[in-house]
Chemist: 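This structure is in C-alpha cells; I'll ask about it shortly.
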Amino acid sequence: MRADVVVVGAGIVGVSVALHLQKRGRAVVLVDRRQPGEETSFGNAGIVQHEAVLPHAFPQSLGTLWRYALNRSPEARYHLSALPAVAPFLARYWWHSRPARHRIIAERYASLIRHCVAEHLSLATEAGCARLFHRQGWIKVFRSQASMDRALREAEEARRGFGVESVVLTGEELLRKEPFLRERLAGGLHWTSPITVPNPHELTLQYAALFKRLGGRLAPGNAATLGESGCDWRIETTQGTVAAPQVVVALGPWADIVTAKLGYRLPLAVKRGYHMHYGIEGNAVLNHPIVDADMGYCLAPMASGIRLTTGAEFALRDAPKTPVQLDIVEPAARRMFPLRERLDRDPWMGARPCTPDMLPIIGPAPRHRNLWFAIGHGHQGLTLGPVTGRLVAELVVGDQPFVDPAPYRVERF
Ligand SMILES: Cc1cc2nc3c(=O)[nH]c(=O)nc-3n(C[C@H](O)[C@H](O)[C@H](O)COP(=O)(O)OP(=O)(O)OC[C@H]3O[C@@H](n4cnc5c(N)ncnc54)[C@H](O)[C@@H]3O)c2cc1C
C-alpha cells in the first residue's frame, strides 16, 4: 500500500491528525494495533477543557510535597518501585512548575487551549456528531473555604490573563445547579466555556468515520515495525507493508516504541488514572461533570453511568493496575452524590502521556526527514486532539500554521 502520510496511533490525537491531513487532500493510512480510541482516549472524563490554560503544576509548597511524599493523597500517588525511573522526570517537572517558569508555560499552553472548543465543534459538525457535545461546562466543588479561596485566585488569573470566564457559586447556588448533591459544601466554581462529551470513545469513532468517508484508510499494525527504507517510511500492517514519504507518530503513552528506536531520548512519563461507572439511586440526576477539589476526583455523567475518574498515579506504564485511589475516593463520592452499585467488573486504567514542561510535543523530528511528532498531551489530550491535528496537518502540507508551533518543538528538550 502506498500513501502520502502514515499516522501511527489512533487515539483522539492520531485520528484528528489523520482527519486533518485527509481533509487537505493527502492520502493517509492510520495504523494502530487496536481500533480507534480504545486506549487512553477511551476512558477520560470527557471534558474539552477550555479553562485549562494553567497546566497542572508540580506542587511547590512544602506541606503538599510532604503529603504527597507520605503517599496518602487521593489526588496523587506513586509506586515506590517506579521512583528511580520517574525521579529525573519529577525533578524537571518541579523545575518547570516554579511560578515564574509556569507563567511562561501557561502563555504557550493557552495559545493551543484557546482553540479547543472551536476546533472540536468544527470537526464534530463536519462529522455530523456535534449533538454529542453538552455545552453547560463543568463545576469544581469545595469542601472548605480555604480550598475555594485558592481556586478562586487561580480562576481570577485565568480570567485576567487569558479571558477564561467562570462563575462563583455559594453553597445554595451550587445546590440549585446540582440538587442531588447530598453534602453541605462551601461552594463551587462553574467553568462555563468548556464543552463535555458523555462518550469520548464514540467521539473518536465519529471522527475516524469521517476520516474514512473522505477516503482515509485504517490498517491494524504494530508501531514497532516502523522503519526507513530509501526515501520512504515503511510499517507492517495486517493489510501488508504500507510505504509513505511522511510519518506522524501519535502513540500517546507508547511514543517511546518509535522514538527510542530512532535514537530520541525524550523525557516522557505517564500519570496513570482509573475510572469506574456507577448506577444512580432513585431519580437523582447529575447535570454537569463535578470535580471534588479537596479529594481530587471527577464525577461525570456519561452514557454508561456516572463515571468516577481518579487523579494521578506515578507508576511505570506497564506495571499492574493498583486502583488504590479509586478505593480511597469512592466513599467520599458516595457521600457527595447518591451512587448505586459499581457497573464495571474491573476499574479501567489509562496513562496520561506527560512531558516535564506540561506542553505537548508537536512538530518535526530534528534528525529524520519527514518524521513528525504529535505526543505528550498529558491531562488534556481529548481537549487538544483537533488543535494538534490541525497544526500538524498544516505543518506537514506546508500551509501557514494557525498557531506558532515553535514552543512545542521537540528540540526544547
Ligand atoms: C482518568 C483520565 C481522565 C482524563 N480526563 C480528560 C479530560 O476530561 N479531558 C482531556 O482533555 N483529557 C483527559 N485525559 C487525558 C486524555 O485522555 C489523554 O491525554 C488522551 O487520550 C491522549 O490521547 P492520545 O491519542 O495521545 O493517546 P491514546 O488515546 O492512548 O492513543 C495512542 C494509540 O497508540 C496505539 N498504540 C500503542 N502501542 C502501539 C503499537 N505498538 N502499535 C500500534 N499502535 C499502538 C494505542 O492502541 C492507542 O490507540 C484523561 C486521562 C485519564 C487517564
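In each ligand, atom 1 is the first atom listed, and ligand 1 is the first ligand listed.
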Chemist: Per the side chain to side chain donor-acceptor pair (under 3.5 Å) rule, what does the pair list look like for residues 385-397, sequence neighbours excluded?
Modeler: E119-R390, H377-T388, R390-E394
Chemist: Can you run down the side chain to side chain donor-acceptor pair (under 3.5 Å) pairs that involve residues 295-305, sequence neighbours left out, and say none if there aren't any?
Modeler: H277-S304, D292-Y297
Chemist: Between F337 and Y278, does the ring centre distance come in under 6.0 Å?
Modeler: no
Chemist: Please list every donor-acceptor pair under 3.5 Å in which a side-chain atom of residues 245-259 meets a protein atom from a residue at least two apart or in another chain.
Modeler:
{"residue": "Q246", "atom": "OE1", "partner": "W372", "partner atom": "NE1", "Å": "2.7"}
{"residue": "D256", "atom": "OD1", "partner": "R317", "partner atom": "NH1", "Å": "3.0"}
{"residue": "T259", "atom": "OG1", "partner": "A255", "partner atom": "O", "Å": "3.2"}

Chemist: Among E165, R135, R114, H50, which one satisfies side chain to side chain donor-acceptor pair (under 3.5 Å) with S193?
Modeler: H50
Chemist: Regarding S73 and R67, do their side chains bring together a donor and an acceptor under 3.5 Å, going by distance alone?
Modeler: yes
Chemist: Below 3.5 Å only, please: the N or O atoms of ligand 1 paired with protein N or O atoms, distance on each line.
Modeler:
{"residue": "ligand 1", "atom": "5 (N)", "partner": "A45", "partner atom": "N", "Å": "3.0"}
{"residue": "ligand 1", "atom": "8 (O)", "partner": "G46", "partner atom": "N", "Å": "3.4"}
{"residue": "ligand 1", "atom": "8 (O)", "partner": "I47", "partner atom": "N", "Å": "3.1"}
{"residue": "ligand 1", "atom": "9 (N)", "partner": "I47", "partner atom": "O", "Å": "2.8"}
{"residue": "ligand 1", "atom": "11 (O)", "partner": "L382", "partner atom": "N", "Å": "3.2"}
{"residue": "ligand 1", "atom": "11 (O)", "partner": "T383", "partner atom": "N", "Å": "2.7"}
{"residue": "ligand 1", "atom": "11 (O)", "partner": "T383", "partner atom": "OG1", "Å": "2.7"}
{"residue": "ligand 1", "atom": "12 (N)", "partner": "H379", "partner atom": "O", "Å": "2.9"}
{"residue": "ligand 1", "atom": "17 (O)", "partner": "T40", "partner atom": "O", "Å": "3.3"}
{"residue": "ligand 1", "atom": "17 (O)", "partner": "N44", "partner atom": "ND2", "Å": "3.1"}
{"residue": "ligand 1", "atom": "19 (O)", "partner": "G378", "partner atom": "O", "Å": "2.8"}
{"residue": "ligand 1", "atom": "19 (O)", "partner": "G381", "partner atom": "N", "Å": "3.0"}
{"residue": "ligand 1", "atom": "21 (O)", "partner": "S41", "partner atom": "N", "Å": "3.2"}
{"residue": "ligand 1", "atom": "21 (O)", "partner": "S41", "partner atom": "OG", "Å": "3.0"}
{"residue": "ligand 1", "atom": "23 (O)", "partner": "S41", "partner atom": "OG", "Å": "3.3"}
{"residue": "ligand 1", "atom": "25 (O)", "partner": "I12", "partner atom": "N", "Å": "3.3"}
{"residue": "ligand 1", "atom": "25 (O)", "partner": "V13", "partner atom": "N", "Å": "3.2"}
{"residue": "ligand 1", "atom": "29 (O)", "partner": "S41", "partner atom": "N", "Å": "3.0"}
{"residue": "ligand 1", "atom": "29 (O)", "partner": "S41", "partner atom": "OG", "Å": "2.5"}
{"residue": "ligand 1", "atom": "30 (O)", "partner": "T40", "partner atom": "N", "Å": "3.3"}
{"residue": "ligand 1", "atom": "30 (O)", "partner": "T40", "partner atom": "OG1", "Å": "2.5"}
{"residue": "ligand 1", "atom": "38 (N)", "partner": "R33", "partner atom": "NE", "Å": "3.4"}
{"residue": "ligand 1", "atom": "41 (N)", "partner": "N222", "partner atom": "OD1", "Å": "3.0"}
{"residue": "ligand 1", "atom": "42 (N)", "partner": "A223", "partner atom": "N", "Å": "2.8"}
{"residue": "ligand 1", "atom": "44 (N)", "partner": "R33", "partner atom": "N", "Å": "3.3"}
{"residue": "ligand 1", "atom": "47 (O)", "partner": "D32", "partner atom": "OD1", "Å": "2.7"}
{"residue": "ligand 1", "atom": "47 (O)", "partner": "D32", "partner atom": "OD2", "Å": "3.4"}
{"residue": "ligand 1", "atom": "49 (O)", "partner": "D32", "partner atom": "OD2", "Å": "2.6"}

